[in-house]
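Presented below is the structure to which this report refers.
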Amino acid sequence: MILQVCRTWRSVSQSDPLWQTLTRRIWHRHHLLHHSWYDEYIYRHRTARNFHSRRYDYTTLNFPPNDDNNNEPLSCCRLALSDYHIAAGFSDGSVRLYHLPTRHVTTFHPHQRNHLGLYSRAVSGIFFTDNRLVFASLDGDIHVASINVPGAAARRAHLGDVVTDGVLVDFTGCDRWWVGLYAGVPNRAFHVRNSNTEEIVFIGGTLMDPDSVDGWHLLTDLSEHIGRIRITSDGLAVGFARRRVIVFNLRNQMILGDEEFRREINVGAADAYNRALMFVNSRGVANVRQVSSLAEICRFMARGSLLGCVNGGYCFTSVGGGIRVWELDHGEYLYILRERIGDASAMIADERYVAACSADNTIHLWDFGAHI
């Protein structure tokens, strides 16, 4: 039997604006990497299926050693992904930018200043926006580097003041906002900046007040995760502390959700992406919630999870030297990635890649968009 499609549907199905709308709604993509939006949709759909079926390419990236000649051991603190780059931020404040197609590595260093603690320069947040790489350190300094200008040094956009603001424990941003999460000074947890002017538009919040002492300890000991800040595609900020999660609108700072927990959560395994957030409590129960309402989507057991991250459809946790994968909507356990990497110091995922850094500062990269 031959199935025929009416001309109207055939015409609609060939409309690029239709595939553009679908791609934006499902994967929040706003620019093309392929010839048409139809091609973009097909690529994203097949990549999502690869995540479910454990179909990927695996590679390792070895970054240049510390070139400051001070024999200070390096530890990878943060990772960031874009379509063509991966960036790693280290405990000495440096950022290594790896161009994936050419394997070219560029190193950016923060501007020198007096230090308050051994790890005051350690990178506490890093992200891509347009053609820029933005990174921040525990002492509150924020630097901006141009990706497309060879040999360009990083520019310091803000000089931090730990005495006034506290320790910048996490930092993230998007095309419109930069958000810092601080601990150490009461009522100054969130610092929101306009990404275009780089000026402060809001300071406030008590999320990190109970962790003030531990915030100061980060300047001399990087072994703990005490706070996380994430921005979703809807312009919402999600802040995690050990016993509390808060969601607010970046446009007007209106609080949309605020929940305290009886059991501590493992902040290193907390993350948010698009419309979902995840955290793992001290009993190993992973909880997936809607960002806008904090309503529960699902829960599952993830005992031993040291670090975790999510993308639009899957949860990833570092457990016992491996990376385990769960489906996001129902909490179904799918598989463990075949490669064993040991304990991870940083993890990140997007709609194509999963990346983790092991104790020897090797970056492990799983590319689920390769076999298409």
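Worth saying up front: this structure is predicted, and the values here are computed from it rather than measured.
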Roughly how far apart are [X] [atom1] and [Y] [atom2], rounded to 0.5 Å?
X    : Y    : atom1 : atom2 : answer
R340 : S358 : CZ    : OG    : 13.0 Å
C309 : M278 : SG    : CE    : 7.0 Å
R103 : N62  : CZ    : CG    : 10.5 Å
N131 : N148 : CG    : CG    : 4.0 Å
S82  : D130 : OG    : CG    : 11.5 Å
Y333 : M301 : OH    : CE    : 14.0 Å

Given the side-chain rings of F127 and F135, with only the six-membered ring counted for Trp, is the space between their centroids under 6.0 Å?
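Not close enough - the centres of the two rings lie 6.0 Å or further apart.
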Check whether the ring centres of H191 and Y182 lie less than 6.0 Å apart, and answer yes or no.
yes
Looking at every non-hydrogen atom in both residues, tell me the closest pair between [X] and [Y] and how far apart they are.
X    : Y    : answer
S282 : R263 : OG-CB, 3.7 Å
C315 : L328 : SG-CD1, 3.1 Å
A272 : V310 : C-CG2, 4.0 Å
I86  : A355 : CD1-CB, 3.6 Å
M208 : A189 : N-CB, 4.0 Å
A80  : I126 : CB-O, 3.7 Å

With a 4.5 Å cut-off on side-chain heavy atoms, are [Y] and [X] touching?
X    : Y    : answer
S146 : R132 : no
R193 : V201 : no
L138 : L222 : yes
W177 : V192 : yes
H143 : R156 : yes
I255 : I246 : yes
L294 : L277 : yes
V162 : W216 : yes

Which residue in the set W178, F248, F202 passes ring-ring contact (aromatic ring centres under 6.0 Å, His included) when paired with F190?
F248
[Y] backbone acceptor or donor facing [X] side chain under 3.5 Å:
X    : Y    : answer
N361 : C76  : yes
T220 : G117 : no
T172 : I231 : no
S120 : L219 : no
Y314 : A48  : yes
E198 : S195 : no
T197 : E199 : yes

Taking it one step at a time, do R96 and T106 satisfy side chain to side chain contact (heavy atoms under 4.5 Å, CB included)?
CA-CA 6 Å; R96 270 69 165 179; T106 303; over 6 Å; no
[X]/[Y] ion pair, N-O < 4.0 Å:
X    : Y    : result
R29  : D83  : yes
E224 : R242 : yes
D170 : R78  : yes
D271 : R228 : no
D92  : R121 : no

Do [X] and [Y] pair up side chain to side chain, a donor and an acceptor below 3.5 Å, judged on atom types alone?
X    : Y    : result
H28  : R275 : yes
N311 : D350 : no
N281 : E264 : no
S293 : Q290 : yes
E351 : Y43  : no
Y84  : H99  : no
H111 : R155 : no
T206 : D209 : no
E40  : W27  : no
S233 : N274 : yes
T47  : R49  : no

Using a 6.0 Å distance limit plus a 45 degree cone around the ring axis, check whether R55 lies over the aromatic ring of F368.
no
For the residue pair R352 and Y56, would you count it as a cation-pi contact if the rule is NZ or CZ under 6.0 angstrom from the ring centre and within 45 degrees of the ring axis?
no
For residues [X] and [Y]: do they belong to one hydrophobic cluster (side chain heavy atoms under 4.5 Å, members Ile, Leu, Val, Met, Phe, Trp, Tyr)?
X    : Y    : result
I265 : I226 : no
L18  : I26  : yes
I348 : Y273 : no

Residue pair V238, V245: steps toward the side chain to side chain contact (heavy atoms under 4.5 Å, CB included) verdict
CA-CA 7 Å; V238 184; V245 61; 4.0 Å; yes
Assess the residue pair I323 and T317 against the criterion (side chain to side chain contact (heavy atoms under 4.5 Å, CB included)); give the C-alpha distance rounded to whole Å, side-chain angles, the decisive distance to 0.1 Å, and a yes or no.
CA-CA 6 Å; I323 306 297; T317 65; over 6 Å; no
Surrounding CZ of R303 (heavy atoms of other residues, nucleotides or ligands, distance under 6.0 Å), is the total greater than 12?
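Counting neighbours around CZ of R303, 12 or fewer heavy atoms of other residues, nucleotides or ligands fall under 6.0 Å, so no.
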With a cut-off of 6.0 Å (strictly less than), are more than 12 heavy atoms of other residues, nucleotides or ligands near NE2 of H30?
yes
Begin with the C-alpha distance, continue with both residues' side-chain angles, and end with the deciding distance and a verdict on salt bridge (Lys or Arg N to Asp or Glu O under 4.0 Å) for E332 and R324.
CA-CA 11 Å; E332 176 189 2; R324 295 184 180 180; over 6 Å; no
Check against ring pair (Phe, Tyr, Trp, His ring centres under 6.0 Å), F279 and F261:
CA-CA 11 Å; F279 56 84; F261 306 108; 4.9 Å; yes
May I have the step-by-step check of side chain to side chain contact (heavy atoms under 4.5 Å, CB included) for F171 and I142, ending in yes or no?
CA-CA 9 Å; F171 178 70; I142 301 174; 3.9 Å; yes
